[in-house]
Amino acid sequence: MSDKKDFGFETKMLHAGHIPDAVTGSRAVPIYQTTSYVFDSPDKAAQLFELKQYGNIYTRINNPTTAVFEERMAALENGTGALATASGMAAQFTTLMTLLRPGDEVVASSHLYGGTYTQLEHTMKQLHVKVHFVEPTDIKNWEAAITPKTKALYGETIGNPKGSILDIENVAALAASHSIPLIIDSTFASPYLCRPLDHGANIVVHSATKFIGGHGSSIGGVIVADGKFDFTNYPSIADPTASYHNLKFFETFGEYGFLMKARTVTLRDTGACISPFNSFLLIQGLETLSLRMDRHVKNALAVATFLKEHPQVAWVNYAGLPDSPFHDLAKKYVPRGPGAVFSFGLKKGSGDVRAKGKKFIESLDLFSHLANIGDARSLVIHPASTTHQQLSNAELEKAGVGPELIRLSVGLETIEDLLWDLDNALQQSSL
Ligand SMILES: *Cc1c(COP(=O)(O)O)cnc(C)c1O
């Protein structure tokens, strides 16, 4: 893509990072399904391995199809570069492994995806990294948890199950005042609804498995960096790296220092790389991202409004509704709409509400019962009878996922059909 003009979001979705293949003329991005690349000469090979020249070595480190996905994501997030990974979990892990050392600490929002909570709480502990979880809506909580050992702040643009919207600019200002990078998981928003780097975040991670791919067909993740964070006094990126002849990543690569270390040290050594075929499928997803997100958001608002009025529904946590406590933050950070994933509560009534939740799920026709979000199809899960079934009702309340809570990921179907399906299941479950 030429740099003659600052192209719009949709143009970047379709063109960024790719020019038609010079040899074959292929208009679509080719799938380079190869493990390795022939070196021009032994000298060139030596240069590549010493990182004195950038080029393809081995698909665990880089791949031309994946490079298009990475450049496109960097363009869409207004970042300086990107690194694709095997999954969203791998994107987070690669980021943290690159930044942190044993003894470091992280301050994280407590409104997190369940898998992220487990990774931060348990796996990071094994690496001697302590994560302090804070209620994210009050900036004082973040501030109070920062210590001289804090090396990163971590949050999500749209947090579940409360549908909370993070005040990114506030948290970014705090991070900057302590010279700590702010990492934002923006999976629920996608770069079309929110670009955290524009609000002062330093690193964005995504589970590309969700809205970026958009079709529920591929697991993948991506890290995008702003390239502006000053790592001069940040040991893991500034200090000599023993496994690269004491190369100093920040001094050598400047704005690309963090990403170069993430790629050539962390990804090389953990092996959590994406397959070229999945990169290709994620590129297909990106090409229609804005169109799908507009429809996801439109359907989600219609569903949330419908549920809010329904006699069998106790509450709806969607920041797109005017009476949500997060409505003003949503207007600022996700003005096109706060995504399509949200929770609502079944009215408790006299019977067992957990059984009612089960009956509701069983009675749905179109919503698929599964543990995913961001598919083109509508999805539903009842945590009390699935992911959290071992917890008592009291424990569920404490975890913020009461037995009446249902989570939806609203898809792209005809809206009347989705409302018909929900209404029908709500009637059935109230019998
Ligand atoms: C799904 C998800 C992840 C994990 O991504 P995977 O691709 O499943 O590894 C992380 N964060 C959020 C917000 C998610 O929805």
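Atoms within each ligand, like the ligands themselves, are counted from 1 in listed order. The shown structure was predicted, so the numbers you read here are calculated from the model rather than taken from an experiment.
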Reference residue F253; test side chain to side chain contact (heavy atoms under 4.5 Å, CB included); the match among L247, I237, L259: L247
Residue, atom name and distance, where the atom is the protein heavy atom closest to atom 3 (C) of ligand 1: Y113 CE2, 3.4 Å
Protein heavy-atom partner closest to atom 9 (O) of ligand 1 - residue, atom, separation in Å: M89 N, 2.9 Å
Parallel, tilted or perpendicular, as decided by the 30° and 60° cut-offs, for the rings of Y117 and H122: perpendicular
Polar atom proximity, I219 to ligand 1 (N or O, under 3.5 Å): no
Distance-only polar pair, side chains of H206 and E77, donor-acceptor under 3.5 Å: yes
Flag if over 12 foreign heavy atoms under 6.0 Å of CG, D365: yes
Neighbour count >12 (heavy atoms, 6.0 Å) for atom NZ, K332: yes
Interfacing atoms of ligand 1 (cut-off 4.0 Å, heavy-atom, G88): 5 (O), 6 (P), 7 (O), 9 (O)
Contact (N/O only, under 3.5 Å) between F188 and ligand 1: no
Aromatic plane relationship, F258 with F231 - under 30° parallel, 30 to 60° tilted, over 60° perpendicular: parallel
Gap between atom CG of L99 and atom CE of M97 - 0.5 Å precision: 11.0 Å
Nearest-contact summary for atom 14 (C) of ligand 1 - protein heavy atom, Å: K210 NZ, 2.9 Å
Per-atom contacts of ligand 1 with Q92, taking only distances under 4.0 Å to non-hydrogen atoms: 10 (C), 11 (N)
Backbone or side-chain N or O of D185 under 3.5 Å from ligand 1 N or O: yes
Atom 7 (O) of ligand 1 - nearest protein heavy atom and its distance: T209 OG1, 2.6 Å
